[in-house]
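Data first, discussion second: the structure below is written as structure tokens.
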Amino acid sequence: MCNNTIEYFLQRSIDIAKENCLSLNGGPFGAVIVKNGEIIAECGNSVTTTNDPTAHAEVNAIRMACKKLNTFDLSDCEIYASCEPCPMCLAAIYWARIPTLYYAADKHDAKDAGFDDSFIYEEFDKKEEDRSINIKHIRLNTTSTPFDEWKKMSNKIEY
């Protein structure tokens, strides 16, 4: 893929972020998913309009692309994001198996605009008992039953 194409799709993600922000449809973030040089999905952040804290641009675009392509495996796609993905979005990109991510602004630019994810990274490094969320790991006799059933299934769809 030539650099001009990369810049085109990256600029499209930035344009979506700007449009999204100005129209009050959500935060200033945009994402584009491309397959074989064609835009498959493009979305902005819609956290505030849908009251869904997971409705970040990258997650929205992944959901749209998976639905359009009828698959959960986007390993033949690329994602372009107006900003460096947060931990949740980066994890979603990994889960979707997208092999290439391009982004424009970085986490420092986001922090400067009031979107600071550094506390999440810091939380990951803490022991569970030291995190700001009250986490309790409780094992029941049936804790592994779903996994035991999954292992036995011959018709499961691996992912």
Side-chain angles (χ1 to χ4, degrees), residues 1-125 131-133 135 146-147 149-151 153 155-159:
M1 180 177 288
C2 71
N3 192 36
N4 289 341
T5 305
I6 292 169
E7 290 176 7
Y8 171 80
F9 293 130
L10 202 51
Q11 184 60 53
R12 182 67 195 131
S13 73
I14 293 168
D15 292 343
I16 292 166
K18 183 179 172 185
E19 293 164 14
N20 202 56
C21 180
L22 294 176
S23 65
L24 298 176
N25 284 334
F29 299 95
V32 174
I33 295 181
V34 174
K35 178 179 179 178
N36 298 326
E38 178 187 341
I39 294 176
I40 301 302
E42 58 180 35
C43 293
N45 174 303
S46 61
V47 169
T48 58
T49 57
T50 61
N51 294 319
D52 179 353
T54 68
H56 290 197
E58 297 90 339
V59 172
N60 287 344
I62 288 169
R63 289 174 178 156
M64 181 183 283
C66 288
K67 186 173 183 177
K68 182 174 183 179
L69 298 174
N70 195 33
T71 184
F72 56 83
D73 183 350
L74 301 178
S75 59
D76 53 358
C77 297
E78 303 169 327
I79 188 165
Y80 298 80
S82 63
C83 186
E84 182 175 358
C86 73
M88 176 187 68
C89 291
L90 187 57
I93 291 166
Y94 276 104
W95 279 114
R97 299 184 177 106
I98 300 173
T100 306
L101 158 68
Y102 299 96
Y103 66 88
D106 65 22
K107 59 186 171 188
H108 305 291
D109 298 313
K111 180 179 180 178
D112 189 49
F115 299 94
D116 185 9
D117 298 326
S118 62
F119 74 96
I120 297 172
Y121 291 106
E122 292 166 6
E123 286 286 303
F124 289 159
D125 288 336
R131 293 182 183 170
S132 62
I133 295 174
I135 300 173
F147 295 118
E149 294 300 319
W150 174 260
K151 288 187 250 182
M153 290 176 58
N155 62 341
K156 62 187 166 207
I157 299 173
E158 300 277 353
Y159 66 95

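FYI, side chains are in, hydrogens and waters are out, and symmetry mates aren't considered; it's all heavy atoms of this structure.
Sparse packing is recorded around CG of N70, with 12 or fewer heavy atoms of other residues, nucleotides or ligands lying under 6.0 Å away.
In this structure, the side-chain hydrogen bond (donor to acceptor under 3.5 Å, both in side chains) partners of E42, at least two apart in sequence or on a different chain, are R12. In this structure D112 satisfies the side-chain hydrogen bond (donor to acceptor under 3.5 Å, both in side chains) test with no other residue, sequence neighbours excluded. Taking the side-chain hydrogen bond (donor to acceptor under 3.5 Å, both in side chains) definition, one finds that E122 meets it with nothing, sequence neighbours left out. With sequence neighbours excluded, the residues that form a side-chain hydrogen bond (donor to acceptor under 3.5 Å, both in side chains) with N60 are S46.
Contact annotation: the side chain of C86 never approaches that of I120 to less than 4.5 Å [non-hydrogen atoms, C-beta and beyond]. A 4.5 Å side-chain heavy-atom check between L69 and C77 finds at least one atom pair inside the cut-off. In this structure, the side chains of F29 and N20 stay at 4.5 Å or more apart for every pair of heavy atoms.
For the side chain to side chain contact (heavy atoms under 4.5 Å, CB included) with K18, the lone residue among D15, L22, I14 that qualifies is L22.
When only modelled atom types and interatomic distance are considered, D116 and S118 share a side-chain donor-acceptor pair under 3.5 Å.
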Determine all donor-acceptor pairs shorter than 3.5 Å in which one atom belongs to a side chain in residues 52-59; sequence neighbours excluded.
from: D52; atom 1: OD1; to: T54; atom 2: N; distance (Å): 2.8
from: D52; atom 1: OD1; to: T54; atom 2: OG1; distance (Å): 2.6
from: D52; atom 1: OD2; to: T54; atom 2: OG1; distance (Å): 3.3
from: T54; atom 1: OG1; to: R63; atom 2: NH2; distance (Å): 3.2
from: H56; atom 1: NE2; to: P53; atom 2: O; distance (Å): 3.3

Which pairs would a plain distance check flag for residues 93-100, meaning a side-chain donor or acceptor within less than 3.5 Å of a matching protein atom at least two apart in sequence or in another chain?
from: R97; atom 1: NH2; to: Y159; atom 2: O; distance (Å): 2.8

